[in-house]
Amino acid sequence: MSVDLEKILRPVDTPMAPYVPKYMLLASGEAVVVRPVERDEIPDILKHVEPLLHVERDYYDVVGARLYSELLAHYRHRYQDQYVLAVQIDGELAAVVNGRQVNPKLGMSLHTVALRRGLRVGAHAFAAKMEYHFDELGHDEVLVVAESPIGFRRWMIEYKLEKRFEVPHELGGVPSWALTRELFDAARSSLVVGRRPVPPELLDKAMDKILPPSDPPTPALDPLSATRSKYDPTATALMVERWAMERAEEASKDA
Amino acid sequence: MNREIYAYKCKRCGTMHYPFRMVCKECKQNDFFEFDTVPLPKNGKLLTYTKVYNLPAQYEVATLGLGIVELENGMRMLGQIEIDNPKMGMPVKGNVEVVRREDYDDFYGMVFRDA
Amino acid sequence: MRDVYVAGIGITTFTRLEFALSEIASYASMMALKDAGVSEVDQVYVANMGAPRVNHQTALASAVVDSLSLTPAGAAAIENGPASGGSALKAGFQAVASGMEDVVLVAGVERMREVNNLEATDFVATLTHPIAEYIYGVTLPAHAAMFTRLYMDKYGVTERHLAMVGVKNQNAALNNEWAHLQQEITLEGILDSPEAMTNNPYVAEPLRFFDACPVSDGGAAVVLVSKEKALELGRPLIRLSGVGQATDTHAVHERVEPTDLLAVRKAAADAFEMAGLTPEDVDVAELHDAFTILEIAESEEVGFFPRGEGHLALERGDTALGGKIPINVGGGLKGRGHPVGATGVAQAWEIVTQLRGDGGARQVEDAKVGFTCNFGGFGNNVVCLTFVRED
Ligand SMILES: CC(C)(COP(=O)(O)OP(=O)(O)OC[C@H]1O[C@@H](n2cnc3c(N)ncnc32)[C@H](O)[C@@H]1OP(=O)(O)O)[C@@H](O)C(=O)NCCC(=O)NCCS
Ligand SMILES: [Zn+2]
């Protein structure tokens, strides 16, 4: 008798209404498209998340590692009811967000990562996923956590999130915060923007291919220098960075 | 309890100061603490104001109203404002309340509202 | 008084720097010493505002002088709020002008990204009056915002003028490889599009996100020398010819005319007088645009434009590269970033770069006379400097 083990291991996704793409203008005047990502596009995103594992600042490493595992698990059918949205500027990947449905009334926000800094694309991406939870999926509440201070500022402070500290969040079991429908409606006019439908040329460009980010956050030469220099003001970090620079220089000479 | 914020009146020339200073701005008298304390008036008009969104670490509120008020006696002071639609020049009325909490300490200051 | 010359300059990238505070100062200093071609100095001044509070380090100058192996030279840190840099330059000037020292290294440094943004905001706010301002939750953006509202009311400055300064300076930073922000912005994106209010939200009404400088780490350094030494070193002769410093009331509400920046006016007038120059002589200027309104207000107070007409000059393009008096062509604080203790020195770095003709894409043609305004407190402690190229 053969058992189809895969049938047991693979979660069955609850059907979810697809996110309706939108676009908006950024501070730079560039148009940005927010749109859902299909499962078979995930590898194109993983490629650009992987380097973030080595960016210590702003917890890109922690967020990147978690996001990587969630995306991978989603791709290989080991994560239930996850959705992924991509934010693209002229095809280029500028931000990624994901989340999941816990039950028809409750959403769980997973991650928001900005690959282009200084234009609030991360904030726009987060707003889009909240819009998805409330307007398309009909959730009453979304549980949120922040790993980084900038995340805390963007979500907890700007949206005035409520505490749900009795609920440990799926991400690391830390106390949750909640965006309720009421809070979301209050934030709508100032934080949620976007125009629909997306002009066909813009949408085609975005759907066609996920292009690499042009200026993604990069690691410091020494992977943990931020932490180290904080606790060791005696110049070890500088020394280590200098060695790394020398090594890089020598390598380029040899080549 | 009716709390007050005090101005400092120079004993020599009568000039009023707020906040406290060691030497009178007007007559530059140098005797130590030669000032009388006088409660600041609480009514005045709003000179300028702002609503701050990026608050320092200790605050749990999302935004904070601040303004500079010209008091009835012509002196000015900065305070928090709790006014829905502030306008320059509008009459306001102050009250001394807790304006900041830090660890175990409460700090009192003037909070202005619509007069 | 002896004449004082700038023999060398150095800077680090302004951004979030993952180095210890003293390393950042030392790195900029190393570049300046190398540029000047000196390996020994008589005195070191390190400008810094936050080391004890933000980085948990005191006596910074002792760390820097030793890390540079400049011992036994004298060394002292100078904390004077955001005007620390200008104040350290003044101290360096006095040391050389008095004849007491021949070679003085002046470094400015700040590492404020070591803490998060909320703590950084609080740290800078501690320069306000403790009883009459700080306890209310006043921040520097709040002061600037209340000032802006008065300025708008009195002179007709609009949010568009402010945004124009922001766009000018942030985009100017694209020509400066050391600048923090390397992201172009447009008036459409931050002011006119339906998304502008979200892209560019209020931080303190009526000031918006792109009206404020970013929080940065960074260091800058200059080497000040006597004329004899300058001739010996053979670097281009850039003279620090005028120094002015002035103060104003600590509590902003005590100023008689709240739209006046009397300390700026006085510091600039003193610097010009000492240098025997007038505002009309200036070819390139660095003003302290921690908030966009300040560039407009300072451009009037230092004497470039009549009171209330700074925004009109901006509209005419007078303050842009190629204009009558280009201001902040390296991005200013808005684009280059504002590591508070480093800013005054970084301004000098930019002016010397210009007067040497090394400005590249941002070079002001044939710049001979430069001016800096380093604005401390909320305008209650200001240092202005003039620099002249001698051929
Ligand atoms: C949290 C996050 C998504 C927010 O993204 P965002 O809304 O697009 O905002 P940004 O991160 O671009 O904002 C910071 C940038 O704004 C720019 N900026 C800051 N102040 C500025 C000013 N006054 N003027 C112009 N630009 C400014 C800077 O470039 C700054 O980048 P820097 O820190 O490298 O200097 C993003 O920071 C991120 O991906 N962080 C890492 C992962 C993370 O923390 N995720 C959230 C977990 S809950
Ligand atoms: Zn008196």
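Naming: A, B, ... by sequence-line order, numbering from 1 per chain.
Heavy atoms of R208(C) lying under 4.5 Å from chain B are absent altogether. Contact of E70(B) with chain C is not made at all, since no heavy-atom distance falls under 4.5 Å. Both the backbone and the side chain of Y134(C) come within less than 4.5 Å of a heavy atom in chain B. For V124(C), no part sits under 4.5 Å from any heavy atom of chain B, backbone or side chain. For chain B, no part of A125(C) is nearby; none of its heavy atoms comes within less than 4.5 Å. Interface remark: Y108(B) contributes backbone atoms only to the contact with chain C (heavy atom separation under 4.5 Å). M110(B) touches chain C through backbone and side chain together, each having a heavy atom under 4.5 Å away. With a 4.5 angstrom heavy-atom cutoff, M77(B) touches chain C via backbone and side-chain atoms both. Only the side chain of T249(C) comes within contact range of chain B, with at least one heavy atom under 4.5 Å from a heavy atom of that chain.
Using a 4.5 Å heavy-atom threshold, the side chains of C213(C) and D289(C) count as separate.
The aromatic ring centroids of H288(C) and H338(C) lie less than 6.0 Å from each other.
Using a 4.0 Å cut-off between a side-chain N of Lys or Arg and a carboxylate O of Asp or Glu, R53(C) and D122(C) qualify as a salt bridge.
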Given the rule in the side-chain contact (heavy atoms from CB on, under 4.5 Å) test, do F147(C) and I293(C) qualify, once you have shown the distances and angles that lead to the verdict? CA-CA 8 Å; F147(C) 178 83; I293(C) 186 69; 4.0 Å; yes
Show your reasoning for whether salt bridge (Lys or Arg N to Asp or Glu O under 4.0 Å) applies to E4(B) and K42(B). CA-CA 9 Å; E4(B) 303 285 358; K42(B) 292 187 176 165; 3.6 Å; yes
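At distances below 3.5 Å, at least one donor-acceptor pair connects side-chain atoms of N328(C) with backbone N or O atoms of L287(C).
Within 6.0 Å of the CZ atom in R113(B), the count of heavy atoms belonging to other residues, nucleotides or ligands exceeds 12.
For R21(B) and Y8(B), the positive end is not near the middle of the six-membered ring at less than 6.0 Å and at most 45° from its axis.
The greatest number of non-hydrogen atom pairs below 4.5 Å with chain B, out of A120(C), G137(C), A145(C), is found for G137(C). Highest contact tally toward chain C, considering only L47(B), N54(B), L78(B), is held by L78(B) [criterion: heavy-atom pairs under 4.5 Å]. Listed options L64(B), I5(B), L66(B), T63(B) were ranked by heavy-atom pairs under 4.5 angstrom with chain C; first place goes to L66(B).
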